[in-house]
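Worksheet: one structure, shown below.
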2 protein chains.
Amino acid sequence: MPADQKTSPTPRDPDETRRRIQQAAFDLFVEKGFADVAMREIAERSGVTKSLIHHHFGSKDALWKSSKEAAFELYAENQRKDLMQATSSNSDLLRRGVINYFQFLKDHPEVVRLFSWSHLERDEYLGENDSELVRLGAARIREAQEAGIFRDDINPVHVITTFVITCTHWFAAHSHHGQWDGIGSDEDFLDDFLNIFMDGLKPQTAGSA
Amino acid sequence: MPADQKTSPTPRDPDETRRRIQQAAFDLFVEKGFADVAMREIAERSGVTKSLIHHHFGSKDALWKSSKEAAFELYAENQRKDLMQATSSNSDLLRRGVINYFQFLKDHPEVVRLFSWSHLERDEYLGENDSELVRLGAARIREAQEAGIFRDDINPVHVITTFVITCTHWFAAHSHHGQWDGIGSDEDFLDDFLNIFMDGLKPQTAGSA
DNA sequence: GCGCTAATTGACCGGTCGGCCAGTTTATTG
DNA sequence: CAATAAACTGGCCGACCGGTCAATTAGCGC
């Protein structure tokens, strides 16, 4: 045959194929959620036949689960690193934790979105897995309370919850509320939030209303 | 009469029919989002044929839009009422606003969920509509800052954003994080959040870190 | 009563869904 | 160089998707 030989017909590489399928599925799930993604789309985007996806992953559900695992792995790795490296208890520790968490979410919007989909679909996978992280964080807060660094009339879990919620939802909300009049950049918001939050956590000087 | 006669074959009531379709659609959209709801389900749940839904609403999209409008109407009514009734600027005003907002979300979890779906689907309907409310709220904060009630080194919009985000996401997150070790009730969390938040908003006494 | 409009139905459309299966092609390996 | 397993393909399946349409039925003014 003339010029257009197929440059070695098909250099097979199952690992790479698997990876590309996984990636395509991940991107689509992040964008549209589980229900609105078709196997055909995943096949098309990864340049592979639908059958091959079933060969590698078995089902759409398995692919979805695999995507959640990938996202959670990213998330958990970051959080564990941050929680473990801390040795002493002081006010800056929490501040740095919040900044780190905030930055992670900013760098990984796809994780935020995938988690949101998963939660709305009443998936329990994430809730089961991150409770360990919350427990670790709450323990740190409690230490700081006992050391007199933070006020001790607050449930430590609620401190964690507040900052996790605020950071996460800031990014989840960012796209659609982005045009709110006078809203600032990510950094501006983080500054303001930290100022309120950290000052509100200071031990109170008795005579507060 | 012998119990099970059909009580006049079909007592037509188009308004009631419309209402039932609307309600069934709303409930299903809240539960599963737009993509995962089938017209056939809506028909079945409202005890009506699929064709009749098209007769009354035209299309699935129209039904979806109608659901969003209904949810937003509930939401906006509550918010407007709260923002309008305020006449003077003081610290308790914001506190009461937060409590009211929190209570509304607690009473209307379906609104929270529908908004979440809508946002994830990158719908701009809500963002366009609630910016007015945010502007009003931010103006109130600014007044309080100018009156020396709140610290003035914070962007008022970020104050609104923080409390809206936290309240909303508390309920959005509530179901899946409900089992976090040591997490408290809605009221406990609101108390703790308000304590941190309101104290953090107090004017700072110069020498703060 | 009569006729018109609107409510309501069931059958049906083309298209897409996730999944399956019977093959073909490639790499490995003995 | 066979033989075997795995990677990969195209075609097909029944189920379901949102939407349409012609036909029936009920309400309502005259």
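So that the names make sense, note that chain A is the first sequence line, chain B the second, and so on, each numbered from 1. When reading the values below, keep in mind they use all heavy atoms of this one structure, side chains included, and skip hydrogens, waters and symmetry mates.
Contacts between residues 53-69 of chain A and DNA chain C, counted as heavy-atom distances below 4.0 Å, involve His54(A), Ser59(A), Lys60(A). Of the residues in residues 18-40 of chain B, not one places a heavy atom less than 4.0 Å from an atom of DNA chain C.
Considering only residues two or more places apart in sequence or on other chains, Thr17(A) meets the side-chain hydrogen bond (donor to acceptor under 3.5 Å, both in side chains) condition with none of them. Scored by the side-chain contact (heavy atoms from CB on, under 4.5 Å) test, Leu136(A) finds Leu83(A), Met84(A), Glu132(A) as partners (sequence neighbours excluded). For Arg80(A), there are no salt bridge (Lys or Arg N to Asp or Glu O under 4.0 Å) partners at least two apart in sequence or on another chain. Taking Glu69(A) as the reference, Lys65(A), Tyr125(A) meet the side-chain contact (heavy atoms from CB on, under 4.5 Å) condition, with sequence neighbours excluded. Phe29(B) is linked by a ring pair (Phe, Tyr, Trp, His ring centres under 6.0 Å) to Phe34(B), Trp64(B), counting only residues two or more places apart in sequence or in another chain. Here Phe163(A) pairs with Tyr101(A) under the ring pair (Phe, Tyr, Trp, His ring centres under 6.0 Å) rule; sequence neighbours left out.
Side-chain atoms of Arg12(A) stay outside donor-acceptor range of the base of dA27(C), with no qualifying N/O pair under 3.5 Å.
Each side-chain hydrogen bond (donor to acceptor under 3.5 Å, both in side chains) pair with one or both residues in residues 34-48 of chain B, not counting sequence neighbours, appears once here: Lys32(B)-Glu41(B).
In this model, the phosphate group of dG10(C) is not approached by any side-chain N or O of Ser51(B) to a distance below 4.0 Å at OP1 or OP2.
Comparing Gly47(B) and Lys50(B), the nucleotide of DNA chain C nearest to each residue sits closer to the 5' end for Gly47(B).
For the pair Asp13(B) CG and dA6(C) C1', the interatomic distance rounds to 13 Å; values are reported in whole Å. Computed from coordinates, the Ile42(B) CD1 to dG18(D) P distance equals 8 Å when rounded to whole Å. Here the P atom of nucleotide dG18(C) and the CG atom of Leu52(A) are 16 Å apart, to the nearest Å.
In this structure, the ring of Phe102(A) has its center less than 6.0 angstrom from the ring center of Phe171(A).
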